[in-house]
Each structure stands twice: as C-alpha cells, then as structure tokens.
Amino acid sequence: MGSRRKFIKTTGALGLTAITSKLISNEQINALETFAKLPGNDPAFTLPKLPYSYNALEPFIDKQTMEIHYTKHHQAYVNKLNETPSTNIDYMSNDATKCTHVDKTTSMVIRNNLGGHYNHSLFWQLLKPNPEGHKNPAEGKLADAIHKEFKSFEEFQKQFAEKATKIFGSGWCWLIEQNNTLKITTTPNQDNPLMKLDHERGKIILGLDVWEHAYYLKYQNKRADYISNWWNVVNWNKAEELFNTK
Ligand code: MN
C-alpha cells in the first residue's frame with residue numbers, strides 16, 4: 001500500500017507539472033492538494049473550517065440554510081469520498097483524486113463528490129459577512145477587467161444573473177479567466193471549470209451554487225431573488241486574490 005501510494009503521488013506530481021499553465025493557477029493547484037488528499041489517509045478528506053458563523057451572512061443567506069448546507073450537504077460529499085473504497089476509484093490510471101484530472105472516464109462517485117467538496121470549500125471563501133450589503137466590487141484589477149469585458153459592473157451582474165437563473169436543475173455559475181479573458185460559464189451538478197469535460201475551462205474567479213439546497217428554505221422557488229441578494233455577500237477580496245494569482 002505504501003509503495004502504491006508513493007506511485008500515485010509521483011504520477012500526480014507529473015500530472016500537475018503538465019497542467020501548470022495559465023489555465024489553472026498555482027494557488028488553485030495548492031488548494032486542490034489541500035482539499036483533495038489521497039484516499040487511504042485518515043482522515044483523507046476533511047471539512048474545512050467555515051470562516052464565519054452560520055448567521056453571519058444574514059439577512060441575505062439565512063442561518064438555517066448555512067448550517068444545513070455546511071454540516072449536512074458539504075459534510076456528505078466529504079463522507080462519501082472517505083467511504084469510497086480505494087479499489088473502486090480509478091485513480092491508478094487517471095489520478096482522479098484532483099478536480100483538474102477529472103474527465104469523462106472518472107467514476108461518477110468521485111466526479112460528483114470531489115467536485116462537491118472542492119466547489120463548496122471555495123464557495124465558503126467567496127462569501128463574506130456584510131450586514132449592510134453592498135453591490136459593487138472593491139476597486140482593483142478585477143474591477144478593471146470586469147469593466148473592460150462587460151462594459152459596466154451592472155452589465156456583468158445582469159449577464160451573470162441571467163445565466164445563473166437559467167441553469168436547468170442543479171449546478172453552478174462561474175466567472176472564469178480563460179486566455180486573459182473573463183467569461184461567465186455554467187456547469188451542471190458538481191462539475192467545475194477545472195475539470196476536463198465538455199464545458200469552458202479556466203481559472204475560477206467567482207462561483208455561485210444554484211442547487212435548491214443553497215436557497216430553498218428562505219427563497220423557495222425564487223432563485224432570482226437569491227442571486228440578487230447573494231451579490232451583497234460576495235467576498236470580492238477573495239475573488240480579486242484568485243484573479244491576481246498567476
Ligand atoms: Mn451546495
């Protein structure tokens with residue numbers, strides 16, 4: 001088992017070298033290494049600490065939703081990863097223990113739960129308590145890039161909200177950087193733009209969970225209201241940090 005794990009780590013390192021490019025930042029690779037430890041370690045996958053209390057995002061995201069989202073939904077992705085016997089994971093051929101290596105050949109249990117774990121770990125960091133609310137990002141390079149690409153911040157918000165609202169069923173809406181261009185893109189289920197699948201790939205700047213579990217208790221079927229209020233608690237400092245990391 002020890003030598004097997006060593007082999008996996010070695011191939012993993014080679015794979016990381018191959019994908020170290022403009023597409024995926026070093027910080028995101030490091031984050032993936034942190035979130036997605038190899039099965040066999042104990043505990044292999046762990047729930048990252050929430051950087052604020054459950055009620056900290058009130059009134060825009062309610063306490064009960066946050067508590068269930070974090071302690072039940074995110075925890076379930078972590079548990080499922082840890083419960084999956086290593087013999088059922090195709091990482092020997094694919095190194096599917098990292099989102100950047102997930103492709104169509106990856107087992108669905110890994111794709112869904114690794115994506116769920118990664119997406120939520122990032123999502124918590126991209127939220128920030130702000131009881132008084134705000135609608136605009138901090139001044140900075142990201143704000144400049146948004147204005148350049150979308151003409152205005154309001155137009156960016158409009159386009160992002162439209163795409164997020166139109167996702168059929170469960171999924172995520174993302175702001176990504178692809179070849180020095182900002183793009184709004186969506187993925188179904190727990191897929192993300194790091195994965196090698198049939199969607200736009202790129203460096204993640206911002207992500208919004210539009211699964212019903214993210215908003216239904218407070219907003220019921222009114223996803224557009226959830227999105228409109230989510231702008232108030234976006235952590236633009238974190239988005240700026242992701243944008244500036246090469
Ligand atoms: Mn979720």
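Just follow the structure's listing: the first ligand is 1, and inside any ligand the first atom is 1.
- Ring centers of Trp230 and Tyr215: at least 6.0 Å apart, outside the cut-off.
- With the Mn ion (ligand 1) as vertex, Asp209 OD2 and His120 NE2 subtend 100°, rounded to 10°.
- For the side-chain hydrogen bond (donor to acceptor under 3.5 Å, both in side chains) criterion with Arg111, the lone passing option out of Thr106, Asn189, Asp191 is Asp191.
- The six-membered or imidazole ring of Phe153 lies near that of Trp236, with a centre-to-centre distance under 6.0 Å.
- Among the atoms of His73, no N, O or S atom falls under 2.8 Å of the Mn ion (ligand 1).
- Within the 2.8 Å limit, His213 places at least one N, O or S atom next to the Mn ion (ligand 1).
- Residues His73 and Trp211 have side chains that never bring a donor and an acceptor to within less than 3.5 angstrom of each other.
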